[in-house]
Amino acid sequence: MASSAAAAALLPIPSSPSCSSSEDSDEAKPLPPPPAPEDHSPPPQQQQQQERRRRRGWQMERDCNVAMRDLALAGDVDGVFAVFDELKRAGADGGAPPNVLCCNTLVNALAEAGRAGEALKVFEEMLASGVAPNASSYNILIKLHARQLQFDLAWELIHKSDLEPDVGAYSTLITGLCRAGKVVEAWGVLDWMLEKNCRPMVHTYTPIVQAYCSDGRIEEAKLLMAEMEHVGCLPNAVTYNVLIRALCDDGRFDEVDQVLVESRTKDWKPTTVTYNIYMNGLCRKGKAKEALEQLDVMLGEGLDPTAYTLSILLNCLCHDSRLLDAIYLLQRSTELKWYAGVVAYNTVMSRLCEMGKWMAILKLLTDMIKKGIEPNTRTFNILIRSLCVGRKSSLAKSLIHSQGFPANVVTYNILIHWFYYRGKLTEANRLISLMEEKNIARDEVTYTIIVAALCREGKFDAATGFFLQSLKSGLSMDVLTVLLSRLVHADKIWEINRIFDRKDLAPDHHVFDLTIRTFCRAGYCCLRWDAPRIHEGNLEMQQTVELDGESGSGQLAVATIGGP
DNA sequence: GTAGGGTTAG
């Protein structure tokens, strides 16, 4: 097992850490109440009234928190904010700010939605209003920092808070590190915990199992799970679900069956999520029929399907070209007591969109609204796309200005792509400016669409300009692929040198592979791979490309990989 | 009631 205590040294180490279990540190610790007035206490009747009011307030906070949690689960962060503001206003009459649990729910919802600035602001407001944070508050902030790759801040927070760092805080940090692909550092934190006699839990190991799995290192994940059993921290359904998902992605369905059979003699039971993962995995590998068979197995085990299950099944039916079955299941879902959510509708509608059946899409859209299922941005985008395909693109474009339809980068990509495709360059450019006005950042797909369209128009300088702009948010192989292939096909291969000369582009072996492959496909010969050499502490790889015909031969570029 | 796993788009 790979482990490195040294990795913890990558993070600032506090002077004297200690550790407590999550059970005893997870309680709200309100600030001491203000000193009681020295005069007489209120008469009994008034006391009763106060007590009733307090209970009502307490109940209201509970209800609001449940509502906020549900809204957050549905992805409606603004809804969460609205309920919180309502609570704040109601509290303002009696002078009580929202309690720590409600604040946590809001901060967490904002953090999950990537709205870090607002999350921190709410946290600061909570402190300012005299509400003391609890262990969960700090864990949410740790998660927030970790998601922004600010691991030093997260580490600092673990040891700076008034509460002693607990296994939950460390596990949250480990999760963040693993998500960022920093498994070695995650091991470092785990070692640090062990040194401090803080016992890891399943929550501590499972993210590492996941990191291995998503890196395709399934055997190492299995070894770690065996190690977990060995140290008495048994993998649970979540851990096995992570493994099953990786096995599915790798098409190793026999092993999935084996894991499921073994569960009968082990200390975990498959859940609905397990079967959701399995069915979806089968479906993605073109085994829709086998996926539908697993539904019977799942029901046979007494497991209830969820909204996820229904969406996955609908996806299977769509992939199995059983669209009528899908529509039937969707329309009868309520009487079958299968909860159909917005995703279920989106799944079927997007398949209908691919088939150009936009009347059927409008029918389902009406159905869902009648059922009280609120369309979301994805629904909206499916509608936009189907309108474009149905040659109603001006109607599609006008929709982005209408209230209640939150257009996002995907919306703009669909429209920009469509207008370019129809040769309406002015419209496309207008949308690109509009995006900027609305502060909607371009993504890889936007750049790919723009670069491809400009190259088609022969505007290679402008296309290269957009490619260089795209580098600000990191190199996208998709954008580079489009640019290179268009340049090569337009016999503008030496333009490529201009790109490679840029300081902000450090080509690695992927870039080289792509470049060479593009040249070869276009009929140019790739003659020589030079041996890598070490030069001034850097590993340099050089590939010499000799070109057919009058261009003669020339050196393309030098890639420098690694460092001292 | 906070920390780990599952569905749909360009």
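Residue numbers start from 1 in every chain, and the chains themselves are labelled A, B, ... in the order their sequence lines are given, proteins ahead of strands.
What separates CG of A/L364 from P of B/dT8 is a distance of 18 Å, to the nearest Å. Atom CD1 of A/I244 and atom C1' of B/dG6 are 11 Å apart (whole Å). Taking atom OH on A/Y138 and atom C1' on B/dA3, their separation rounds to 17 Å, with Å as the unit. Atom CE in A/M68 sits about 15 Å away from atom P in B/dG1, given to the nearest Å. The distance from atom CG of A/L71 to atom P of B/dG1 is 17 Å, rounded to the nearest whole Å. Atom-to-atom, OH of A/Y275 to C1' of B/dT7 comes out at 19 Å; the value is rounded to the nearest Å. Between A/N376 atom CG and B/dA9 atom C1' the separation is 10 Å, expressed in whole Å. Straight-line distance from the OH atom of A/Y170 to the P atom of B/dT2: 23 Å, rounded to whole Å.
Using a 4.0 Å cut-off between charged nitrogen and carboxylate oxygen, A/K88 and A/E125 count as a salt-bridge pair. In this structure, A/K266 pairs ionically with A/E229, as a charged nitrogen and a carboxylate oxygen lie closer than 4.0 Å. One finds a salt bridge joining A/K222 and A/E255 here, because a Lys/Arg side-chain nitrogen approaches an Asp/Glu carboxylate oxygen to under 4.0 Å. Between A/K285 and A/E290, none of the side-chain N atoms (NZ, or NE/NH1/NH2) sits under 4.0 Å from a carboxylate O, so this pair counts as no salt bridge.
Surrounding CD of A/E354 are more than 12 heavy atoms belonging to other residues, nucleotides or ligands, all under 6.0 Å away. Atom NZ of A/K289 has 12 or fewer neighbouring heavy atoms from other residues, nucleotides or ligands inside a 6.0 Å radius. The number of heavy-atom neighbours closer than 6.0 Å to NZ of A/K121, taken from other residues, nucleotides and ligands shown, is 12 or below.
Across B/dG1, B/dT7, B/dT2, the shortest atom-to-atom separation from the side chain of A/I312 is found for B/dT7. Side-chain proximity of A/Y308 to the nucleotides B/dG5, B/dG6, B/dT2 is greatest for B/dG6. Of the candidates B/dT7, B/dG1, B/dG6, B/dG1 carries the atom nearest the A/L101 side chain, counting heavy atoms from C-beta on. The listed nucleotides are B/dT2, B/dG4, B/dA3; the one nearest the side chain of A/T172 is B/dA3. For A/R284, counting side-chain heavy atoms from C-beta on, the closest listed nucleotide (B/dA9, B/dG4, B/dT7) is B/dT7. For A/R378, taking side-chain heavy atoms from C-beta onward, the closest of the listed nucleotides B/dA9, B/dG4, B/dG6 is B/dA9. Side chain of A/N276, nearest nucleotide from B/dG1, B/dG4, B/dG6: B/dG6. If you check B/dG4, B/dA9, B/dG1 against the side chain of A/Q210, the one that comes closest is B/dG4. With distances taken from any side-chain atom of A/T272 to the nucleotides B/dG4, B/dA9, B/dG6, the minimum falls on B/dG6.
Under the rule for a salt bridge (Lys or Arg N to Asp or Glu O under 4.0 Å), A/R378 has no partner lying at least two apart in sequence or in another chain. Considering only residues two or more places apart in sequence or on other chains, A/R62 meets the salt bridge (Lys or Arg N to Asp or Glu O under 4.0 Å) condition with none of them.
Residue side chain A/N236 reaches the base of B/dG4 through a donor-acceptor N/O pair under 3.5 Å, judged by distance alone. Residue A/N241 places no side-chain atom within donor-acceptor reach of the base of B/dG6, judged by atom type and a 3.5 Å distance cut-off alone. Side-chain atoms of A/T271 come within donor-acceptor range of the base of B/dG5, with a qualifying N/O pair under 3.5 Å.
Taking 4.0 angstrom as the limit, A/N280 places none of its side-chain polar atoms (N or O) nearer than this to OP1 or OP2 of B/dG6. The side chain of A/R245 contributes an N or O atom lying less than 4.0 Å from OP1 or OP2 of B/dT7. For A/N108, a side-chain nitrogen or oxygen approaches OP1 or OP2 of B/dA3 to under 4.0 Å.
As judged by a 4.0 angstrom heavy-atom cut-off over every strand, A/I277 is placed among residues touching the sugar-phosphate backbone only. At a threshold of 4.0 angstrom between heavy atoms, the contacts of A/H417 with the nucleic acid are absent. In this structure, A/N99 reaches neither bases nor backbone, as no heavy-atom distance under 4.0 Å exists between it and the strands shown. If you check every strand for non-hydrogen atoms under 4.0 Å, A/T306 touches a base. Nucleic acid contact class of A/V409 (heavy atoms, under 4.0 Å, all strands): base.
Less than 4.0 Å separates DNA chain B from at least one heavy atom of each of the following residues of residues 344-351 of chain A: A/N346, A/T347, A/S350.
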